[in-house]
Amino acid sequence: MGDRIDLLVHNIGRLVTMQGGSGPRTGEEMTRVGEIRQGAIAVADGKIFAVGEEAEVRAQIAGMPVLRELDARGNLVTPGLIDSHTHLVHGGSREHELDLKLKGVSYLEILAGGGGILSTVRSTREATEQQLYAKAKRSLDTMLLYGATTVEAKSGYGLTLADELKQLQVTRSLNESHPVELVSTFMGAHAVPVEYKDRADEYVELVVNVMLPEVKRQGLAEFCDVFCEHGVFTVEQSRKILTAAKELGFGIKLHADEIEPMGGAQLAGELGCISAEHLLAATDEGFAAMQRAGTVAVCLPATSFNLRLKTHARARRMIELGVPVAISTDYNPGSSPTESIQLVMTLGCLNLGLTPEEVITAVTINAAHAIGKADTVGSLEVGKQADLVIFNAENLAYLPYHFGINHVNTVVKKGNLVVSEGNLVYEAGK
Ligand code: IZC
Ligand code: ZN
């Protein structure tokens, strides 16, 4: 590195770098976005070579050939957005549940009746790897068009060894062929499959003794996650699975206290989970346990919106108590059928009460920490990957303010131009 610049992004009106600090941002730190006026970014070998005020960057690269220039036209540039919680790979869709929802049937009632997640399990088991790949690729393209350059993807719609491996294999193939970088999470404990109805403990044994070791052996996931919820997996079952996962070397995550207060947040803190998700019903004791462990709270405001819940995650309280907050789409065919991280940014403001600065922190550096990727992505700093977005907007507040549409103009992933003027421009197979 150092003899030429592959890409120079210049004329950046406001450059949100997210520089500063090492761990996930908490409290007041969530408002410090490291904004630079009249900025520029120089990229070499897919990494950031220089970033700062344009005059300084130009001085640093003086004499070096610049192979390509991108004019940001005075607009806003941020790090590539990070969607830290999705159920990307699945078969089918669940629009038939909309009518039930309008009639007041709850998410857990639909699941208890054999629908919900279990309906997607049937569609996923029926689908071939190629069909799952094609569907997930379309979603990933949409995520990229909306500015996401790194995405976490959970399994959990197979619920047999073979079908879980099939889903995870699709994630691996997509990660190898699509510009969006994927972080894979094994979530065999997403629901108790019908063939184990009333035998959840036996299913937990299968997850612990058969699925986890095989997923590890094949290197198909970095993280393990569990849906700890009434009628799904208990705190004790969740503890058992995550403890086994930790022993095998997986990072651990937990869907905690989404609907009922179960003590999930406490468990996440106690076990040292990297993140705990949802948390609508989590108590202050739960937040305190997470704070002590440095567990990132991944709030999912599109889910509470879509489930028509009267309450939302208490993100302001989390920030007050020193819990780092990330927000994510929770993209899935049931509780959150949207790929738009920008919609989530709006809901993060309007329904969680986060400021635009806290929101961008929650979809960049804190999201990177939630998936163990903060050493390479989540901020624009020398040596990190050159993942960035140029918006058709002049400032941060404009993104959540003008809602429901796509503000992305250009996306660069690892120094490559992948979205230009709002269109995908990556080469297939890259
Ligand atoms: O398919 O409903 N909450 N898992 C936990 C989900 C939502 C996904 C789904
Ligand atoms: Zn989820």
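Counting starts at 1 for both ligands and their atoms, following the listed order.
For Arg94 and Thr120, the side-chain atoms include at least one donor-acceptor pair closer than 3.5 Å. If you check the side chains of Glu236 and Thr234, you find no donor sitting under 3.5 Å from an acceptor. If you check the side chains of Glu214 and Gln218, you find a donor sitting under 3.5 Å from an acceptor. A donor atom on one side chain and an acceptor atom on the other are not found under 3.5 Å apart for His407 and Tyr146. With no hydrogens or angles considered, a side-chain donor-acceptor pair links Ser275 and Lys253 at under 3.5 Å. Side-chain contact annotation: Asn423 with Ser420, donor-acceptor N/O pair under 3.5 Å absent. Side-chain atoms of Thr338 and Tyr331 form no donor-acceptor pair, as typed in the model, at a separation below 3.5 Å. For the 3.5 Å distance criterion, the side chains of Asp83 and Thr86 fail to qualify, holding no donor opposite an acceptor. For the residue pair Ser123 / Tyr157, no side-chain donor-acceptor distance below 3.5 Å is found, with atom types taken as modelled.
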Which pairs of nitrogen or oxygen atoms, taken one from ligand 1 and one from the protein, are under 3.5 angstrom apart?
from     : atom 1 : to     : atom 2 : distance (Å)
ligand 1 : 1 (O)  : Arg94  : NH1    : 2.9
ligand 1 : 1 (O)  : Arg94  : NH2    : 3.4
ligand 1 : 1 (O)  : Tyr157 : OH     : 2.6
ligand 1 : 2 (O)  : Arg94  : NH2    : 2.9
ligand 1 : 2 (O)  : Tyr107 : OH     : 2.5
ligand 1 : 3 (N)  : Tyr107 : OH     : 3.2
ligand 1 : 4 (N)  : His190 : NE2    : 2.7

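Listed by chain and number, the protein N, O or S atoms at a distance under 2.8 Å from the Zn ion (ligand 2) are His85 NE2, His87 NE2, His255 NE2, Asp330 OD1.
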